[in-house]
Student: 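Following this message is one structure expressed as structure tokens.
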Protein chains: 2
Amino acid sequence: MIDVLIADDHQLLIDGIKTTLDDVPDINIVAEANNGLQVLKILQSKKIDVIIMDINMPQMDGLDCTKAVCKKYPDTKVVALSQFDEKRFVKKMVKNGASGYLLKDSGKDEIVAAIRKINSGEKYFCERLSINIINRELSTLDSKSLFPQLTDREIEVLKLICKEFSSPEIADSLFISDKTVENHRANLIAKAGVKNTAGLVRWAVENDFVD
Amino acid sequence: MIDVLIADDHQLLIDGIKTTLDDVPDINIVAEANNGLQVLKILQSKKIDVIIMDINMPQMDGLDCTKAVCKKYPDTKVVALSQFDEKRFVKKMVKNGASGYLLKDSGKDEIVAAIRKINSGEKYFCERLSINIINRELSTLDSKSLFPQLTDREIEVLKLICKEFSSPEIADSLFISDKTVENHRANLIAKAGVKNTAGLVRWAVENDFVD
DNA sequence: TTTCGTATAGGGGAAAACCCCTATTTTTTT
DNA sequence: AAAAAAATAGGGGTTTTCCCCTATACGAAA
């Protein structure tokens with residue numbers, strides 16, 4: 001039996017999925033939430049196998065919630081549910097730990113297949129993702145190897161570099177030495193596999209570390 | 001009477017639009033295509049007023065096709081049709097000469113309004129484009145003034161900067177002095193309205209000067 | 001014909017980036 | 001408790017970027 005939580009701010013959609021999955025014997029909808037905070041609250045008391053997670057939610061969205069869930073409850077799998085088949089969202093969700101991606105107009109078979117696959121530890125990406133090219137990329141690689149693992153501080157520095165801050169300016173705004181910033185910058189350049197700050201910024205923009 | 005061509009690789013969507021526009025007296029669907037090459041072929045024999053152009057198509061996509069059409073047939077207007085309301089796509093299509101942008105889930109009224117406006121030489125941008133801010137930018141400005149006018153040489157230098165070339169390296173590969181490259185770099189930074197090379201690269205990526 | 005824009009190139013100097021290192025403290029993981 | 005990873009910071013140097021200028025040559029536009 002797979003215990004599933006549905007998180008979406010549209011109750012209609014939750015009801016729709018519940019109805020759809022009503023007669024599936026091995027899938028059990030045991031909880032629902034309308035935003036990311038509710039998800040975290042439910043996880044404190046209930047053990048959940050798979051979360052069907054909308055990306056756009058108030059208070060705490062699916063991106064941040066997925067990140068939090070995958071960190072605190074690594075056994076709980078997340079499948080993203082969205083109306084957009086946008087490269088950025090897909091990549092971002094996978095980066096945050098999601099095991100799969102479904103579009104909101106997916107059929108019953110697809111949803112059921114996704115839940116089963118993901119519960120068994122596999123990945124599942126909706127066939128109709130416009131960028132099918134990245135399917136293979138994403139399903140073979142996991143969130144750790146997809147991107148070099150940047151530390152929180154490195155991401156912080158990277159974002160400031162992309163906002164045209166110089167090393168001394170970053171040092172001032174983070175209350176650290178400019179030598180430390182230069183170290184972070186060098187590590188970022190190495191991790192991104194680029195040659196200089198220009199390459200780093202391009203890599204950051206193309207891999208959604210900005211905005 | 002407005003003669004319209006629909007270009008989309010999903011026949012279902014073409015049929016949908018045809019049905020929708022069936023009873024509009026002044027709009028006539030006179031042709032359809034499933035990719036960009038077919039569009040160019042049709043234009044050789046038929047005079048078209050407005051092309052409803054999908055962005056994602058096999059063989060030749062909407063971006064390249066729009067560029068080709070606007071160059072060869074300046075009287076034929078193009079309205080982009082896409083499921084993505086992504087800044088990048090919108091900007092790219094406008095840059096390539098499109099007169100408007102519609103989302104695929106637009107209503108009949110919106111499609112009809114767009115075709116009429118665009119046929120009369122105006123611009124039309126779907127209200128629900130998530131980045132409504134740029135609506136005013138785009139509808140008042142044309143494709144030439146949308147971006148600061150970079151010279152050919154500047155674009156050449158810019159692309160090399162984005163490819164992680166340093167000024168001396170660029171100088172070597174273009175057979176000019178590194179001082180000249182530095183001048184181009186400074187002019188680029190000024191034209192882009194950014195502070196340093198990091199900002200320039202980000203601006204270049206976001207405005208599709210790379211790749 | 002004169003002006004304007006573009007491409008070219010230089011001088012000179014300050015700031016930043018880049019590249020080696022080493023090293024300590026703190027946090028996380030095992 | 002020990003080991004690993006992350007964050008901190010420094011020394012010392014080279015290269016590049018950045019910011020002032022000036023200046024010439026050329027072609028196109030006014």
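Proteins get letters first, then strands, A, B, ... in listed order; numbering begins at 1 in each.
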Student: Round to a whole Å and report the spacing from CG of B:L188 to C1' of C:dT6.
Tutor: 13 Å
Student: List the residues meeting salt bridge (Lys or Arg N to Asp or Glu O under 4.0 Å) with B:E182, not counting sequence neighbours, and say none if there are none.
Tutor: none
Student: I need the CD1-P distance between A:I170 and C:dC18, as an integer number of Å.
Tutor: 11 Å
Student: According to side chain to side chain donor-acceptor pair (under 3.5 Å), who are the partners of A:K195, at least two apart in sequence or on a separate chain?
Tutor: B:E169
Student: May I have the list of side-chain donor-acceptor pairs in residues 172-179 of chain A shorter than 3.5 Å, sequence neighbours left out?
Tutor:
{"from": "A:S173", "atom 1": "OG", "to": "A:I170", "atom 2": "O", "distance (Å)": "3.3"}
{"from": "A:S177", "atom 1": "OG", "to": "A:K179", "atom 2": "N", "distance (Å)": "2.9"}

Student: Heavy atoms within less than 4.0 Å of DNA chain C: which residues of residues 174-184 of chain B have one? Give them sorted by number.
Tutor: B:I176, B:S177, B:K179, B:T180, B:N183, B:H184
Student: Side-chain N or O of A:R185 versus OP1/OP2 of C:dC19: is the shortest distance under 4.0 Å?
Tutor: no
Student: Give every pair of a protein N or O atom and an N or O atom of nucleotides 24-29 of chain C that lie under 3.5 Å apart, one pair per line with the distance.
Tutor:
none

Student: Please name all residues satisfying side chain to side chain donor-acceptor pair (under 3.5 Å) with A:N35, sequence neighbours left out, ordered by chain then number.
Tutor: A:Q59
Student: Considering residues at least two apart in sequence or located in another chain, which fulfil the salt bridge (Lys or Arg N to Asp or Glu O under 4.0 Å) criterion with B:D26?
Tutor: B:R116
Student: Using chain A heavy atoms and a threshold of under 4.0 Å, write down where along DNA chain D the contacts begin and end, 5' to 3'.
Tutor: D:dA6 to D:dG12
Student: Could you give the angle between the helix axes at the two ends of the helix from C:dT1-D:dA30 to C:dT30-D:dA1, with five pairs per end, rounded to 10 degrees?
Tutor: 60°
Student: Holding to side chain to side chain donor-acceptor pair (under 3.5 Å), I want the full list of residues that pass it with B:N183, two or more places apart in sequence or in another chain.
Tutor: none
Student: Can you name the residues that form a salt bridge (Lys or Arg N to Asp or Glu O under 4.0 Å) with A:K108, not counting sequence neighbours?
Tutor: A:D23
Student: Under the rule for salt bridge (Lys or Arg N to Asp or Glu O under 4.0 Å), what residues qualify as partners of A:E154, not counting sequence neighbours?
Tutor: A:K191
